[in-house]
Amino acid sequence: MRVVVLGAPRPLHLNRWKDCLTEGGTELGWDMLHLPARDIPAEEVVAACRGADLLIWARTHGHNPTGDIPRMLCAIEDNGTATVGLHLDLYWGIRGREPQIGMDPWWSCQWVFTADGGHQAEFLARGVNHRWLPPPLGRRWLGRSKPDRRRFPGRAVFVGSYVPGIHGQHRADLLTWAQRQYSYRFQQYGRSRPVWGADLGTLYASAEVVLGDSAPAARYWSDRMVCTLGRGGLLAHPRTEGMTELGLTDDVMLTYERGDFRGLGERIDALTAARRRELTDAAITLVEERHLWEHRLRDIQREVFGCG
């Protein structure tokens with residue numbers, strides 16, 4: 001397979017899931033070329049795709065080629081290269097995103113894969129050939145890191161931002177509960193305290209529990225899920241339709257009903273060191289076996305080419 005990724009190359013200390021995607025293809029033995037989408041001439045993308053089997057446009061909002069993008073995609077497809085749009089966002093139910101579905105040329109790729117898996121009929125009604133892609137982890141981040149509790153002293157941590165129009169009231173309530181429950185032993189990292197790269201693995205290894213949350217929607221969760229589980233963090237996350245069939249159960253994490261913070265607190269307090277180790281070992285194994293970028297790229301290959 002020869003694949004061109006239209007994405008956003010970034011160094012190791014930043015959020016770089018497009019690079020993890022590209023590295024996943026390399027792990028499969030594919031010939032991967034990662035190009036930055038922002039302001040690249042459309043003609044340059046067409047030229048790079050000549051002879052390629054697949055273009056994956058791994059979207060970053062606001063990062064677009066210059067020139068006639070619909071014509072670019074048509075030219076790539078006319079030359080025999082399949083086109084796939086890919087992103088890890090939730091779209092339906094988000095006021096700033098839902099009206100744009102099907103409007104931007106990115107949606108006109110022959111296939112579109114997103115983490116928004118509970119709205120297949122709605123995507124179809126907008127003319128989008130959509131498939132569900134639960135977020136995976138890059139293999140380079142798989143495994144347990146050495147803890148450093150001097151740098152990351154929180155017993156309970158939350159990694160992520162809070163945007164009311166996206167995340168809803170549950171995240172606000174979760175953060176308020178955690179602050180009251182754990183006081184100074186709760187630490188939040190995110191937009192004003194970013195942690196990425198190797199440091200994120202150290203953070204997860206240092207915390208007793210990582211409080212998880214995603215915008216409420218069926219068959220949707222953020223990549224926080226696999227980023228925590230695959231690095232050996234103990235994740236607590238609201239139960240969401242679609243998790244069980246992918247192995248995301250109480251065998252690898254703590255699941256709880258949205259809003260049941262009392263029950264969550266009791267489960268955290270009842271944890272033993274041995275049980276925590278059992279859960280996190282099982283979580284690393286699950287991600288290695290089912291939730292790396294190699295697995296999702298094989299899914300795309302099967303969907304697009306009928307093989308893999």
Side-chain angles (χ1 to χ4, degrees), residues 1 3-7 17-18 21 37 45 49 52-65 68-136 163 165-168 214-223 225-226 238-248 290-291 293 295-308:
M1 286 277 291
V3 180
V4 176
V5 177
L6 190 58
W17 67 263
K18 287 91 173 175
L21 181 163
V45 181
C49 289
D53 300 288
L54 179 64
L55 168 69
I56 299 178
W57 185 350
R59 192 179 201 188
T60 301
H61 295 294
H63 288 213
N64 293 312
D68 190 332
I69 298 176
R71 183 177 180 181
M72 176 192 84
L73 291 172
C74 287
I76 290 169
E77 293 160 7
D78 288 346
N79 288 336
T81 300
T83 59
V84 162
L86 190 152
H87 204 267
L88 302 181
D89 267 352
L90 175 69
Y91 284 90
W92 291 98
I94 306 299
R95 184 170 57 182
R97 297 176 189 164
E98 184 174 317
Q100 301 303 316
I101 297 170
M103 303 297 292
D104 187 278
W106 177 81
W107 293 100
S108 70
C109 289
Q110 291 169 310
W111 285 265
V112 175
F113 291 78
T114 80
D116 189 344
H119 298 95
Q120 286 300 96
E122 292 90 338
F123 279 119
L124 183 61
R126 292 278 185 97
V128 177
N129 186 26
H130 180 269
R131 300 293 186 275
W132 183 31
L133 188 130
V163 180
I166 296 176
H167 302 122
S214 293
R219 296 179 178 271
Y220 168 76
W221 47 85
S222 72
D223 62 355
M225 181 86 75
V226 291
R239 296 187 186 103
T240 303
E241 180 184 334
M243 286 172 51
T244 300
E245 66 197 67
L246 297 182
L248 301 168
R290 299 181 65 178
H291 296 292
W293 270 109
H295 302 120
R296 298 298 180 269
L297 289 172
R298 285 293 193 199
D299 292 340
I300 292 172
Q301 184 184 31
R302 279 190 290 269
E303 188 67 40
V304 175
F305 299 104
C307 62

message: What's the separation between atom CG in Leu88 and atom CG in Asp116, rounded to the nearest 0.5 Å?
response: 11.5 Å

query: Taking only residues two or more places apart in sequence, or in another chain, which ones meet Tyr91 in a ring-ring contact (aromatic ring centres under 6.0 Å, His included)?
result: Trp107

What side-chain donor-acceptor pairs closer than 3.5 Å can you find for residues 125-136, not counting sequence neighbours?
unit_1 : atom_1 : unit_2 : atom_2 : d
Arg126 : NH1    : Glu98  : O      : 2.9
Arg126 : NH1    : Ile101 : O      : 3.0
Asn129 : OD1    : Arg131 : NH1    : 2.7
Asn129 : OD1    : Arg131 : NH2    : 3.3
Asn129 : ND2    : Gln110 : O      : 2.8
His130 : ND1    : Gln120 : OE1    : 2.5
His130 : NE2    : Thr114 : OG1    : 2.7
Arg131 : NE     : Glu303 : OE2    : 2.8
Arg131 : NH2    : Glu303 : OE2    : 3.2
Trp132 : NE1    : Ala115 : O      : 3.3
Trp132 : NE1    : Arg219 : O      : 3.1

query: Which residues pass the side-chain hydrogen bond (donor to acceptor under 3.5 Å, both in side chains) test with Asp53, sequence neighbours left out?
result: none

- request: Check whether any side-chain heavy atom of Pro65 sits under 4.5 Å from a side-chain heavy atom of Met72, and report yes or no.
  value: yes

query: Hey, what do you get for CG (Leu297) to CG (Leu86), rounding to the nearest 0.5 Å?
result: 8.0 Å

query: Does the pair Phe305 and Ile300 meet the rule for a side-chain contact (heavy atoms from CB on, under 4.5 Å), with working shown?
result: CA-CA 8 Å; Phe305 299 104; Ile300 292 172; over 6 Å; no

task: Please name all residues satisfying side-chain hydrogen bond (donor to acceptor under 3.5 Å, both in side chains) with His167, sequence neighbours left out, ordered by chain then number.
output: Arg171

- request: Kindly write out the residues that satisfy side chain to side chain contact (heavy atoms under 4.5 Å, CB included) with Pro70, not counting sequence neighbours, or none if the list is empty.
  value: Asp68, Pro105

task: Determine whether the side chains of Asp89 and His61 contain a donor N or O and an acceptor N or O closer than 3.5 Å.
output: yes

Contacts of type side-chain hydrogen bond (donor to acceptor under 3.5 Å, both in side chains), residue Ser108, not counting sequence neighbours: none

- line: Between Leu246 and Arg290, the two heavy atoms sitting closest are CA-NH2, 3.3 Å

message: Ignoring hydrogens, what is the shortest heavy-atom contact between Val84 and Phe113? Give both atom names and the distance.
response: CG1-CD1, 3.6 Å

query: Should we say atom CZ of Arg239 is surrounded by more than 12 heavy atoms from elsewhere, each under 6.0 Å from it?
result: yes

- prompt: Does the side chain of Leu6 reach to within under 4.5 Å of the side chain of Leu55, using non-hydrogen atoms?
  reply: yes

field: Within-4.5 Å side-chain heavy-atom neighbours: Trp57 and Thr83
entry: no

- request: Find the distance between OG1 (Thr240) and CG (Leu248) and round it off to the nearest 0.5 Å.
  value: 9.5 Å

task: Mind checking ring-ring contact (aromatic ring centres under 6.0 Å, His included) for His295 and listing every partner two or more places apart, or none if nothing turns up?
output: none

- line: Tightest non-hydrogen contact, residues Trp17 and Arg59, listed as CZ2-O, 3.8 Å

Met243/Met225 under side-chain contact (heavy atoms from CB on, under 4.5 Å): CA gap, chis, key distance, verdict: CA-CA 10 Å; Met243 286 172 51; Met225 181 86 75; 3.9 Å; yes

- request: Not counting sequence neighbours, which residues clear side chain to side chain contact (heavy atoms under 4.5 Å, CB included) with Ser222? List them please.
  value: Ser214, Tyr220, Arg224

query: What's the shortest heavy-atom distance between Thr81 and Cys49, and which atoms?
result: OG1-O, 3.1 Å

message: How long is the straight-line distance from SG of Cys74 back to CG of Asn79, given to the nearest 0.5 Å?
response: 11.0 Å

statement: In this structure, CD of Gln301 is separated from SG of Cys307 (nearest 0.5 Å) by 4.5 Å

- request: Applying side-chain hydrogen bond (donor to acceptor under 3.5 Å, both in side chains), name anything that partners Arg97, two or more places apart in sequence or on another chain.
  value: none

field: For Asp223, salt bridge (Lys or Arg N to Asp or Glu O under 4.0 Å) partners two or more places apart
entry: none

query: Side chains of Val3 and Ile56: closer than 4.5 Å at any heavy-atom pair?
result: yes

- request: Could you walk me through whether Arg298 and Trp293 pass side-chain contact (heavy atoms from CB on, under 4.5 Å), step by step?
  value: CA-CA 8 Å; Arg298 285 293 193 199; Trp293 270 109; over 6 Å; no

